[in-house]
Amino acid sequence: MHKDIAEILVSEAEIEDICVKLGEELTKAYEGKTPLLVGLLNGCIPFMAQLIKHIKIPMEMQFMAVSSYHGGIASTGDVKIKYDLDHSVAGRDVLIVEDIVDTGSTLKVITELLKYRGAKSVKVVTLLDKPEGRKVTFIPDYIGKTIPKKFVVGYGLDYQERYRNLPYVGVLKPEVYEK
Ligand code: PRP
């Protein structure tokens, strides 16, 4: 285990189980459709790559970069679009792929934006849900694992852009961000 990690919250094996289960669920839910998966960079990368291997229907993917943490340990609620989609979502069944839902601000804003742009449906799949962190009402449609209000990193999740490459999700030791 990495020296800055206090405990592993979601192991590599558990992540794979989650991706298999969610993949089966999404395959059934979107049967007969060609969903457009919209990944929110950068955090979505490992999860999206692993999840799509278990989706057994035709699908497409695009990416957006949105930021709300601005390098700290708590979301600012100030959602900025840093990089936008390059094709229209009008008439599409959009599935937003996210690593974590915390305050809910990012997903609420992006869900409303994509509906406003004419998507036929907009749903959200997230690896992690931290409901105790909510500042706005938002319920993801598909959840990998519900976690307590702890600052987690790894498997796409960062602290000041570090730790995204850990193969598991772990709790960051407070001394790392308190110094
Ligand atoms: C994180 C995470 C979500 C968002 C969730 O992204 O990937 O997009 O914050 O937080 P919220 O529910 O409080 O809005 P971040 O802004 O850190 O960008 P990143 O994906 O590049 O790490």
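Numbering of ligands and ligand atoms starts at 1, following listing order. Note: hydrogens, waters and symmetry copies are ignored here, and every other heavy atom, side chains too, is used.
- Taking OG1 of T106 as the reference point, atom CD of E98 lies at 6.5 Å (rounded to 0.5 Å).
- Separating the CG atom in D17 from the OG atom in S11 is a distance of 7.5 Å, to the nearest 0.5 Å.
- The distance criterion of under 3.5 Å between nitrogen or oxygen atoms is met by G104 with respect to ligand 1.
- The heavy-atom pair separating V94 from V38 by the smallest distance is CG1-CG2, 3.8 Å.
- Applying side chain to side chain contact (heavy atoms under 4.5 Å, CB included) to V153 and the options D4, I5, L9, V176 leaves one that passes, I5.
- Applying the 4.0 Å criterion to heavy atoms of G43 picks out, from ligand 1, the atoms 19 (P), 20 (O).
- Some N or O of D102 is nearer than 3.5 Å to an N or O of ligand 1, by distance alone.
- Residue-level proximity to ligand 1 for I100 is carried by backbone and side chain together, each with a heavy atom below 4.0 angstrom.
- Proximity of K80 to ligand 1, defined as any heavy-atom pair under 4.0 Å, is not found for any part of the residue.
- Only the side chain of D99 comes within 4.0 Å of ligand 1, counting heavy atoms alone; its backbone N, CA, C and O stay farther away.
- Listed here is the closest heavy atom pair of Q50 and E16: NE2-OE1, 2.7 Å.
- Proximity of K135 to ligand 1, defined as any heavy-atom pair under 4.0 Å, is not found for any part of the residue.
- For ligand 1, the atoms sitting less than 4.0 Å from at least one non-hydrogen atom of R164 are 19 (P), 21 (O), 22 (O), numbered in the order shown with element in parentheses.
- Those atoms of ligand 1 that come under 4.0 Å of a heavy atom in L41, given as number and element, are 20 (O), 21 (O).
- For R117 and D84, the salt-bridge test passes: some basic side-chain N is under 4.0 Å from an acidic carboxylate O.
- Between atom CD of residue E132 and atom CG of residue D102 there is a gap of 10.5 Å, rounded to the nearest 0.5 Å.
- Remark: ligand 1 atoms within the under-4.0 Å shell around heavy atoms of T103 are 11 (P), 12 (O), 13 (O), 14 (O).
- Of the heavy atoms in V66, only backbone atoms (N, CA, C, O) come closer than 4.0 Å to ligand 1.
- A salt bridge is defined here as a Lys NZ or Arg NE, NH1 or NH2 lying under 4.0 Å from an Asp or Glu carboxylate O, and E161 with R164 meets this definition.
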